[in-house]
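Data block below; observations after.
What you see is a predicted model, and the numbers here were worked out from it, not measured in a lab. In what follows, chains are A, B, ... by sequence order, proteins preceding strands, each numbered from 1. Every heavy atom of this structure was used, including side-chain atoms; hydrogens, water molecules and symmetry mates were not.
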Amino acid sequence: MTTETTTPAQQDENQIFAERRSKLNAIRKAGIAFPNDFERKHLAGDLHAEFGQMSHDELEAAKVHVAVAGRMMLKRVMGKASFATVQDMSGKFQLFISNGDTGEEAHNAFKHYDLGDILGAVGVLFKTKTGELSVRVTQVRLLTKALRPLPEKFHGLTDQEQKYRQRYLDLITNEDTRKVFIMRTRIIQTIREFFIRHGYLEVETPMMHSIPGGAAAKPFETHHNALDMKMYLRIAPELYLKRLVVGGFEKVFEINRNFRNEGLSTRHNPEFTMLEFYEAYRDYKYLMDFSESLFREVAQKVLGKTLISYQGKELDLGKPFHRLTMVQAIQKYHPQFTTAQLNDRDFLVNELKDLKAKYKPEDGVGGLQLSLFEELAEAHLFEPTFIVDYPVEVSPLARSNDKNHDITERFELFIVGREIANGFSELNDAEDQAARFDAQVAAKEAGDEEAMFKDNDFVRALEYGLPPTAGEGIGIDRLVMLLTDSASIRDVILFPQMRPE
RNA sequence: GGGUCGAUAGCUCAGCCGGUAGAGCAGCGGACUUUUAAUCCGUUGGUCGCGAGUUCGAAUCUCGCUCGACCCA
């Protein structure tokens with residue numbers, strides 16, 4: 001990329017750095033310091049899988065020639081012979097380098113290679129006397145000099161802050177970290193395959209919105225220079241995906257980032273990954289069954305089982321998920337409340353006051369029920385539980401229940417006490433949608449920063465006719481946390497948001 | 001926003017009642033042709049997160065700040 005050879009930040013200078021830089025300078029003088037002509041032909045993992053079971057004598061007879069490359073993680077020099085362990089994307093492999101096989105000069109050069117350097121080696125497979133599959137190296141080359149030393153080889157990198165800020169170091173050093181992120185990739189891959197197999201179309205909708213919509217959240221704001229207009233990073237793709245269903249794409253899904261301008265915690269990162277999907281001619285009950293089969297399949301394919309352990313407690317995604325209304329969920333953990341009390345506005349306000357819970361005093365019964373549910377029940381929902389019949393006033397995009405217009409055909413799925421999915425039969429009555437937007441605008445004007453904007457084009461789209469449709473969002477980061485037994489969302493996001501150093 | 005804990009060599013950590021900094025790994029030099037965190041001998045390396053204060057003297061005590069982890073709102 002560049003030909004700069006000037007030194008980086010001087011305050012990082014230390015003895016080890018200086019020593020390595022002087023080695024690099026010597027390499028530069030001797031020829032090409034960063035060669036790119038080494039042809040790597042084998043991965044450690046493949047070699048272990050293919051030849052790991054062969055005996056010492058079988059390997060000697062087979063004379064398997066290999067070319068491996070990777071970062072040197074361990075080095076043991078013993079005079080006229082040395083062992084080194086290199087690590088590539090698939091695993092680790094041991095090299096045996098000796099005066100007899102490479103010549104004294106090459107072996108002496110190797111002795112000055114440092115842990116962290118990237119090497120390429122060619123040779124023949126053999127087994128050591130302790131039975132470890134290794135390469136008897138005939139040629140070893142330094143491909144990339146590492147100027148900075150690696151973290152200590154036994155403990156690795158343990159400092160949480162450094163693990164998050166310098167994820168590359170965490171990945172080099174900690175196998176567990178690599179496993180989590182490989183699993184994350186597999187989870188997303190499995191989800192994608194599931195939807196494609198069910199006939200869904202994967203789409204991409206805008207990340208920059210002129211009207212943020214689809215969720216109750218504070219957006220990030222930015223500015224478009226050429227159009228001289230305010231824009232928002234999206235808080236949800238929902239309204240665009242439903243426009244696509246209006247357009248005739250009757251089964252769509254999108255896996256992508258949402259942005260919400262809120263605090264950071266072990267469960268919140270300002271940008272996070274969301275799966276949203278919509279299917280015409282389905283309702284929220286279908287979605288619940290569909291979600292159960294999705295979760296089951298992902299666990300089975302990624303973990304090989306549905307019985308999982310999270311932070312020391314077990315749960316089985318193979319068993320039917322519980323289904324409770326919000327009122328039932330509150331009563332499950334607080335049987336002293338009667339249904340009449342939980343539908344009484346004054347009673348709810350008093351309880352919330354006594355509990356010192358967060359709630360909006362202007363809310364109606366529905367909003368207050370939700371606040372009480374969050375305070376008293378949510379954290380207890382360890383086993384997968386769908387909470388159904390959300391109040392209409394907190395569900396401005398969901399279809400009302402035909403028998404009771406105060407509730408919607410909506411559910412949220414909770415696992416390990418955390419909201420992990422949200423789905424509903426979509427509101428496809430354009431006039432009702434327009435009225436609900438107006439109510440949101442009124443709430444916004446009254447000071448609710450999370451209330452929605454009115455999206456007139458979305459209403460116009462509904463006026464052309466949205467078929468009866470069901471839609472759902474699933475928080476991918478939280479799902480990955482669940483399946484990788486991670487306590488913090490930062491442990492499942494490669495580069496979590498941090499304050500500047 | 002509040003509370004608890006943390007920041008000392010490149011990394012992992014110790015450093016007690018205040019007396020001017022220590023180990024292991026890594027590095028450097030030496031021995032060693034089957035090691036497995038190799039071993040053995042020798043050795044270099046520090047703005048003790050930042051800034052004040054108390055004190056004859058501060059890594060250590062006090063206050064403030066920065067960054068982080070966890071818990072709470």
_Using the rule salt bridge (charged side-chain N to carboxylate O under 4.0 Å, His left out), only one of A/Arg71, A/Arg148, A/Lys23 pairs with A/Asp114; which is it?_
A/Lys23
*Taking the same atom, P, in B/rA58 and in B/rG53, what whole-Å distance lies between them?*
11 Å
*Pairwise C1' distance for B/rA26 and B/rU12, with rounding to whole Å*: 11 Å
*Name the residue closer to the 5' end of RNA chain B, choosing between A/Glu152 and A/Lys127 according to the nucleotide with the nearest heavy atom.*
A/Glu152
*With P as the reference atom in both, quote the distance from B/rC25 to B/rC72 in angstrom, rounded to an integer.*
41 Å
*Identify the nucleotide, in any strand shown, that forms a Watson-Crick or G-U wobble pair with B/rU62, with both distances under 3.5 Å; if there is none, say none.*
B/rA52
*Does the ring centre of A/His48 sit less than 6.0 Å away from the ring centre of A/Phe93?*
yes
*Thinking salt bridges, do A/Lys127 and A/Glu132 make one under a 4.0 Å N-O criterion?*
no
*Charged N to carboxylate O below 4.0 Å: is that the case for A/Arg167 and A/Asp170?*
yes
*Determine which nucleotide pairs with B/rG18, using a 3.5 Å limit on both distances of a Watson-Crick or G-U wobble pair.*
none
*Does OP1 or OP2 of B/rA26 have a side-chain N or O of A/Lys153 closer than 4.0 Å?*
yes
*Can you list, by residue number, the residues of residues 157-179 of chain A that have a non-hydrogen atom closer than 4.0 angstrom to RNA chain B?*
A/Thr158, A/Asp159, A/Gln160, A/Glu161, A/Tyr164, A/Arg165
*Check whether any side-chain nitrogen or oxygen of A/Lys129 sits under 4.0 Å from OP1 or OP2 of B/rU35, and answer yes or no.*
yes
_In whole Å, I'd like the distance from the CD1 atom of A/Ile16 to the P atom of B/rA9._
12 Å
*Answer yes or no: is there an ion pair linking A/Arg184 with A/Asp491, defined by an N-O contact shorter than 4.0 Å?*
no
_Counting only side-chain nitrogens and oxygens, does A/Arg499 get under 4.0 Å of the OP1 or OP2 atom of B/rG68?_
yes
*asked:* So, does A/Lys75 get its side chain near the phosphate of B/rU35, meaning an N or O under 4.0 Å from OP1 or OP2?
replied: no
_Is there a side-chain contact between A/Lys313 and A/Val416 in this structure, where contact means two heavy atoms from C-beta onward sitting under 4.5 Å apart?_
no
*Along RNA chain B (nearest heavy atom to each residue), the more 5'-positioned of A/Arg490 and A/Ala84*: A/Ala84
*With rounding to whole Å, what would you report as the distance between B/rU20 and B/rC65 at their C1' atoms?*
26 Å
*Paired with B/rU43: which nucleotide, if any, by Watson-Crick or G-U wobble criteria at under 3.5 Å for both distances?*
B/rG27
*asked:* Between B/rG57 and B/rA21, how far apart are the two C1' atoms, rounded to whole Å?
replied: 16 Å
*asked:* Suppose you measure atom C1' in B/rU47 against the same atom in B/rU8; what distance do you get, rounded to whole Å?
replied: 12 Å
*asked:* Using the P atom as the point on both nucleotides, what is the distance between B/rC13 and B/rU62, in whole Å?
replied: 24 Å
*Paired nucleotide for B/rG68 [Watson-Crick or G-U wobble; both distances under 3.5 Å]*: B/rC5
_Ring centres under 6.0 angstrom apart (A/Phe126, A/Phe96)_ = yes
_Measuring only the C1' atom in each nucleotide, how far is B/rC56 from B/rC16? A whole number of Å is fine._
23 Å
*OP1 or OP2 of B/rA38 sitting under 4.0 Å from any side-chain N/O of A/Arg76?*
yes
*Considering only heavy atoms and no angle criterion, is a donor-acceptor pair shorter than 3.5 Å present between the side chain of A/Gln94 and the base of B/rU35?*
yes
_Short side-chain N/O contact from A/Arg136 to OP1 or OP2 of B/rU33, under 4.0 Å_ = no
*Of the options A/Val66, A/Val68, A/Asp88, which is the one that meets A/Leu43 in a side chain to side chain contact (heavy atoms under 4.5 Å, CB included)?*
A/Asp88
